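Let me begin by presenting the structure, written as structure tokens, before commenting on it.
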Amino acid sequence: MKAIEAGRITQEADGAIDPEQADREWEQNTASPRKRSFMQNQATEPIQSTLSPNGTSLLQARTVNEVVKAQTNKVRLAQLKGDLVDRPQAIAHVFKLARSERDAWLNWPTRISAQMAAKLDIDAHTLHVALEAAVREHLQELGDLNPRVD
């Protein structure tokens with residue numbers, strides 16, 4: 001009766017018990033003293049002795065898992081606090097700033113050459129062409145740099 005109530009064996013629809021089926025279910029659902037002893041010994045053995053196929057222990061695997069969880073939580077917290085930025089958005093912003101600065105430098109000779117020529121008492125067009133060439137050369141040198149964003 002206890003085995004039926006505990007779910008170790010089942011009754012037929014008419015309430016009868018099939019002896020062969022009951023033996024199989026009893027074997028599957030009941031830990032023998034020898035099995036119980038083995039299971040208890042396994043539970044009390046150090047975790048390090050349980051090795052995976054690649055040679056790492058269960059403790060090492062759990063430690064790695066906990067470290068990964070901690071790192072993930074750290075990143076999530078940084079995102080929530082606003083300490084992290086979206087990489088593609090940051091790259092686009094830096095590109096926009098660089099383009100704006102380049103355009104300002106390209107327009108500078110046009111703005112300043114007439115005033116400088118008057119102060120130096122030289123031809124404005126000649127100075128403009130010289131300044132524009134120097135600025136373009138310098139910008140080309142800066143463009144050859146490959147800054148890393150990672």
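We're numbering straight along the sequence, starting at 1. In this text, all values refer to a predicted model and were calculated from it rather than measured experimentally.
Contact detail for A114 and A124: the closest heavy-atom pair is CA-CB, 4.3 Å.
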Exercise answer: donor-acceptor pairs, residues 99-112 side-chain atoms, under 3.5 Å, sequence neighbours excluded:
residue : atom : partner : partner atom : Å
N107    : ND2  : D103    : O            : 3.1

Run the side-chain donor-acceptor check on residues 131-140: report pairs under 3.5 Å with partners two or more places apart or on a different chain.
residue : atom : partner : partner atom : Å
Q140    : NE2  : D144    : OD1          : 3.4

Show me the donor-acceptor pairs within less than 3.5 Å that the side chains of residues 70-82 make with the rest of the protein, sequence neighbours left out.
residue : atom : partner : partner atom : Å
T72     : OG1  : V68     : O            : 2.8
N73     : ND2  : K69     : O            : 3.3

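In terms of the side-chain contact (heavy atoms from CB on, under 4.5 Å) criterion, residue partners of D18 (sequence neighbours excluded) are, by chain and number, E12, E20, Q21. Looking at residues two or more places apart in sequence or on another chain, you find a side-chain contact (heavy atoms from CB on, under 4.5 Å) between A22 and I9, I17.
For the side chain to side chain donor-acceptor pair (under 3.5 Å) condition, the pairs that include at least one residue of residues 116-126, sequence neighbours left out, are D123-T126. Within the structure, ring pair (Phe, Tyr, Trp, His ring centres under 6.0 Å) contacts touching residues 56-88 (residues at least two apart or in different chains) do not occur.
F95 shares a hydrophobic cluster with no other residue; no ILVMFWY side chain has heavy atoms under 4.5 Å from its own.
Judged purely by atom type and a 3.5 angstrom limit, E66 has no side-chain atom pairing as donor or acceptor with the backbone of T63. Judged by distance alone, with hydrogens and angles left aside, the side-chain atoms of N29 form a donor-acceptor pair with the main-chain N or O of E25 at under 3.5 Å.
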